Every structure is written in structure tokens, then in C-alpha cells.
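Fair warning: this is a prediction, and the values are worked out from it, not measured in the lab. First listed ligand is number 1; within each ligand, the first listed atom is number 1.
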Amino acid sequence: MKKLLFSQTTEQRHWVGDGFPVRSIFSYNDRAQEMSPFLLMDYAGPAIFPAATANERRGVGEHPHRGFETVTIVYDGQVEHRDSAGGGGIIGPGDVQWMTAASGLVHEEFHGPDFAKKGGRFEMVQLWVNLPRAYKMSPPRYQGILSDQIPVVSVAQGAGTARIIAGEFEGQKGPAMTFSSINLWDIRLTAGAAAEFTVPQGQTASVFVLDGKVRLGTGESLPEASLAVLDPQGERFTLAAESDAKILFMGGEPLHEPVVGYGPFVMNSKAEILQAITDYQLGRMGQLAQEVVR
Ligand code: MN
């Protein structure tokens, strides 16, 4: 049975642009090695937005990234994205956007048009996933993964489900293409259910509780919005739901490479960060096409 290394949570929210009221659950500044290859997790919402007024667009405008991937999981609401490499799309509840910034791009992230028009409940997770050194300067890529492409596996004798976004569980493979071994599962358990999970020995492993109260097999209780980081040693862990629970499992092969980050750039050395800043300032990460008029 895997041991709990530590758990953490935060009450503090800040706005990313004017669209995303975010709790920063972990970041590469303090947890780069324990969480590798995951660099950062922002938990946006849950929040209720009113219907947008005419011409109002909530979100965050053009900004760059280099050296990693952004993975956006929408639980409620709608997110629209465009990038300078030609990637883009609108994703809704259950959908995932897996954007490989790699050598660099600029993008914008806004509430989707249908959601903006009506308003309502918004809940989203954005993960930053590090790239191995060999892929940090490879071309950008965009994967829009819709809910019906994500296999659903039954757990806890049918009292729960796991949607396999990336990696593999009980023979079901997730659709996301990744550059290193990653498991990313959207787990739901009904109150009273307990499920056992097996993951590769030696990989990092953590669970984030979005909703409900969850107890680890080792006894610790995890409240809402808490992250539990498990020992890479051992292959099995169990989650018991004391109320209906919504849980994100993140696991992966640690990269064992230096992590040097500065805002939207995460590389292996300070020289590479300075190069990223220069390249962005010189427009080498591209620019967004003129906005489409709707
Ligand atoms: Mn971004």
C-alpha cells in the first residue's frame, strides 16, 4: 500500500485574467521534483458567472508558453482557445484540451461563446505537464479530446467510474498522446464506495479531491480541494468516498531533469529561459491571427 507523503490545500483565490478564479494547488516553484512531470495545477472555480453583457469576453488574452504542455479539463462551463501554431477549439463539460507549447507559441483562453451568453456554473482544472529535455524545442501540437473519446472504466464494483484521459487502467488506454509515461484519470465514487487502484512502481502519484470527502486506505481523510501526494514506492492505493466524490489522479514517470521556470516558460537552465524571453520579445513564438468576427 502506498503511503501518504503529504497533503496540502489552499483557500486563496486569485484571478487569471477576468475569467478564471483560481486556486493554485501546486507549482514548479516548490513541488517540481515530487510532482514530476507535472509542473503546476490551477483549480478554477467552482464559481457562478452571470450571463455576459454584449461584447463582454471573460478570460485571458494573448500570452506565451515554452517548454511544456497545458492540459485543461473542463468540468462545468466552456473554454475557447486559440494559439499561434494554428491550434484551437471550444471544449465543454467532460472535454479535455491537451496543448503542447514545446518550442513556443502564444495563445488566448476565454469562456466559450455559449457559456458566456447564458452564464452558469464554471469549474476547470489546468495542469502544466513538463516535457523531457529532448522535446522542449519540438514543434507545438494541439489535441482537442472530446468526452466521448475518453474510455470509462467501472470501479468499486460498479459504484464508481474512472475516465482514462491519459495512460492506461485495466486494459483501457486514454486518448491523449504524451511525451513521457503519464496516467491522468477522472474518478467518480458514490458515497460509501471504495476502490483500489494499481499504478506503476516508482512513478509519482497524487490525487486531488474536487468534490466530496475521501479517505485513503492508509487512514488519512482528504477534504475538498486538497491534494494528496503519495509515495512513489508501492503499486496500490485505495480511495474510500465518505460522500459522493470527484477525484483527479495524476501519475507519471519522473523526468529527473533540472526545472528552471520563469512565469510562462519552463526550461532546464537559466540560459534557456533568457533565450525564451528574447525569442518571445522578437516575435519568434508567432502571433494570433486576426480575430474572427462572429
Ligand atoms: Mn496559457
Flag this pair as yes if the NZ/CZ of Arg31 is under 6.0 angstrom from the six-membered ring centre of Phe6 and inside a 45 degree cone about the axis; otherwise no. yes

Ring centers of Trp185, Phe169 separated by less than 6.0 Å: yes

What protein atoms of element N, O or S are positioned under 2.8 Å from the Mn ion (ligand 1)? His63 NE2, His65 NE2, His107 NE2, Glu109 OE1

If only atom types and distance count, is the side chain of Asp186 paired as donor or acceptor with the main-chain N or O of Leu248 below 3.5 Å? no

Look at the aromatic rings of Phe237 and Phe249 and report parallel, tilted or perpendicular, splitting at 30° and 60°. parallel

Has Thr204 got a side-chain atom pairing as donor or acceptor with Glu253's backbone, closer than 3.5 angstrom? no

For a salt bridge (Lys or Arg N to Asp or Glu O under 4.0 Å) with Arg82, tell me which candidate from Glu109, Glu62, Glu108 qualifies. Glu108

